[in-house]
Amino acid sequence: MGENIGFIGLGIMGAPMAANLMRAGHALGVYNRSPGKAAPLLAAGATAAPSPAALAGASDTIVLMLTGPAAIDAVLAGEGGLLAADLAGRCIINMGTVPPAYAVELGKRLAGHGVTLIDAPVSGSKAPAEAGTLLVLAGGEPAAIDAAEPVLLAMGKAVVRCGRIGTGSAMKMAVNLLLATMMTGLAEAVNLGEKSGLDTGLLLDTMLAGPLGCGLFAMKRDMLVNHAYPVQFPLRHMAKDLGFITQAAQDAGAPLPLGQTVAGLYAHGPEDLDFAAVKRVYEAMS
Ligand code: NAP
């Protein structure tokens with residue numbers, strides 16, 4: 001039998017992840033700051049809660065899929081926030097992207113309320129969220145992750161056990177640093193080719209046919225060829241994540257010369273388009 005799950009944050013990622021929890025047989029309660037986004041889930045049988053605190057009362061496990069620390073703090077301690085409810089014995093799974101140091105602090109804060117935190121950001125974008133094939137990067141007590149695994153696997157294809165709380169987020173920082181630098185490298189190389197008179201499709205297909213071909217470049221091919229960037233992972237979120245990555249690198253004592261340059265480019269990109277639109281920054285500079 002499924003669990004009672006409370007889901008907070010029905011954005012690009014959260015809405016399809018919540019739908020997959022229902023498909024797996026869990027009873028779902030939902031809360032979203034903008035209530036209209038819950039409509040398709042309510043039509044499919046989910047229950048709406050008027051506040052995070054109200055949601056907590058009916059949930060064994062609470063999943064957060066929010067923008068970042070400020071949104072989590074608002075959902076915890078704002079009016080009708082989670083911390084206004086008796087949370088003892090609950091498990092909260094944070095699946096949004098946060099700096100590792102924030103995840104560690106969140107774990108301590110929630111432990112004071114008798115809550116077990118699983119630090120479980122995801123690798124994968126809108127399409128894997130819809131297909132239930134996200135890679136879950138989990139940090140936390142092994143027994144808590146074991147207990148939550150059926151819930152996590154309703155949203156993802158695998159759970160990577162990274163270590164204690166904070167390590168899931170540390171893994172996410174490393175993954176997204178590589179994602180941002182690979183995308184920027186592709187944009188810079190394609191822009192050079194275009195400026196040299198080459199056809200964009202020929203450029204991309206040549207890159208994909210050789211040893212550089214990879215899932216990311218294949219996924220972004222049509223965006224670059226069509227010069228259209230329908231949002232999968234918004235550029236503003238990548239810019240946000242690069243801020244978290246910079247903070248994490250400072251905390252860890254890791255140099256970030258490439259990451260800092262890349263962060264400067266994303267800071268000037270069209271924030272509501274997909275992050276592949278970092279290519280537009282090169283076009284503006286050309
Ligand atoms: P999104 O579409 O922008 O959704 C963000 C969610 O956070 C919305 O439900 C929003 O509520 C809520 N929120 C923001 N500020 C809030 C506040 N102050 N109080 C209460 N709720 C607040 O973002 P997303 O793409 O789903 O991403 C969610 C998280 O997953 C982010 O950390 C992102 O970096 C990460 N992520 C995204 C992708 C991707 O490809 N999109 C992939 C992997 C990880 P409203 O609806 O009211 O605005």
Side-chain angles (χ1 to χ4, degrees), residues 6-20 30-41 46 48-55 62-83 93-100 102-103 106 119-138 152 155-157 160 168-169 171-180 183 215-216 219-220 223 229-245 247-248 266 271-278:
F7 202 105
I8 303 183
L10 304 173
I12 295 174
M13 298 293 284
M17 291 163 70
N20 281 329
V30 295
Y31 170 82
N32 196 63
R33 178 179 61 176
S34 315
K37 289 189 190 169
L41 290 162
S51 67
L55 185 74
I62 299 162
V63 179
L64 306 179
M65 194 52 176
L66 299 156
T67 317
I72 296 171
D73 289 344
V75 157
L76 285 177
E79 202 187 330
L82 281 173
L83 296 182
I93 308 176
N94 178 43
M95 306 193 75
T97 304
V98 297
Y102 177 85
L106 182 64
D119 167 38
V122 297
S123 179
S125 189
K126 186 181 173 201
E130 288 166 350
T133 56
L134 294 164
L135 194 56
V136 181
L137 313 172
L152 298 173
M155 298 178 278
K157 63 179 175 186
V160 181
S169 292
M171 181 70 85
K172 177 69 181 169
M173 298 294 103
V175 167
N176 268 24
L177 173 61
L178 185 58
L179 183 64
M183 189 62 240
L216 174 70
M219 223 156 53
K220 301 304 179 189
M223 290 189 185
Y229 304 94
V231 70
Q232 297 271 327
F233 179 37
L235 189 143
R236 68 172 182 283
H237 282 354
M238 183 55 97
K240 157 192 81 78
D241 287 358
L242 284 159
F244 297 165
I245 289 164
Q247 183 186 329
Y266 281 99
E271 56 178 20
D272 290 329
L273 298 181
D274 188 77
F275 78 108
V278 70

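The model shown is predicted, which means the values in this text are computed figures rather than measured ones. Order of listing sets the numbers, starting from 1, for every ligand and every atom in it.
For the 3.5 Å distance criterion, the side chains of Y102 and N94 fail to qualify, holding no donor opposite an acceptor.
The atoms of ligand 1 that sit less than 4.0 Å from any heavy atom of K240 are 31 (C), 32 (O), 33 (C), 34 (O). If you number the atoms of ligand 1 from 1 as listed, the ones under 4.0 Å from a heavy atom of M65 come out as 6 (C), 29 (C), 30 (O). Shown in contact with G124 at under 4.0 Å from a heavy atom are these atoms of ligand 1, numbered in order with element: 42 (C), 43 (C). Of all atoms in ligand 1, listed by their number and element, those nearer than 4.0 Å to a heavy atom of L10 are 9 (O). Set against the non-hydrogen atoms of G11, the atoms of ligand 1 under 4.0 Å away are 2 (O), 4 (O), 9 (O), 26 (O).
Note: no N/O pair closer than 3.5 Å links M95 and ligand 1 by distance alone. Residue L66 has at least one nitrogen or oxygen atom sitting less than 3.5 Å from a nitrogen or oxygen atom of ligand 1, judged on distance alone. Of the N or O atoms in M13, one or more lie within a sub-3.5 Å distance of an N or O in ligand 1. Annotation: K172 places no N or O atom under 3.5 Å from an N or O atom of ligand 1; distance criterion only.
K220 places no side-chain N or O within 3.5 Å of a backbone atom of F275 that could act as its donor or acceptor partner.
Nearest heavy-atom pair, V98 versus P69, reported as atom, atom and distance to 0.1 Å: CG1-CD, 3.9 Å.
Only the side chain of H237 comes within 4.0 Å of ligand 1, counting heavy atoms alone; its backbone N, CA, C and O stay farther away. At a heavy-atom distance under 4.0 Å, only side-chain atoms of K37, from C-beta outward, approach ligand 1.
Evaluated by nearest non-hydrogen atom to atom 5 (C) of ligand 1, the leading choice among V231, T67, L76 is T67.
Among residues two or more places apart in sequence or in another chain, the side chain to side chain donor-acceptor pair (under 3.5 Å) test is passed with D119 by S169.
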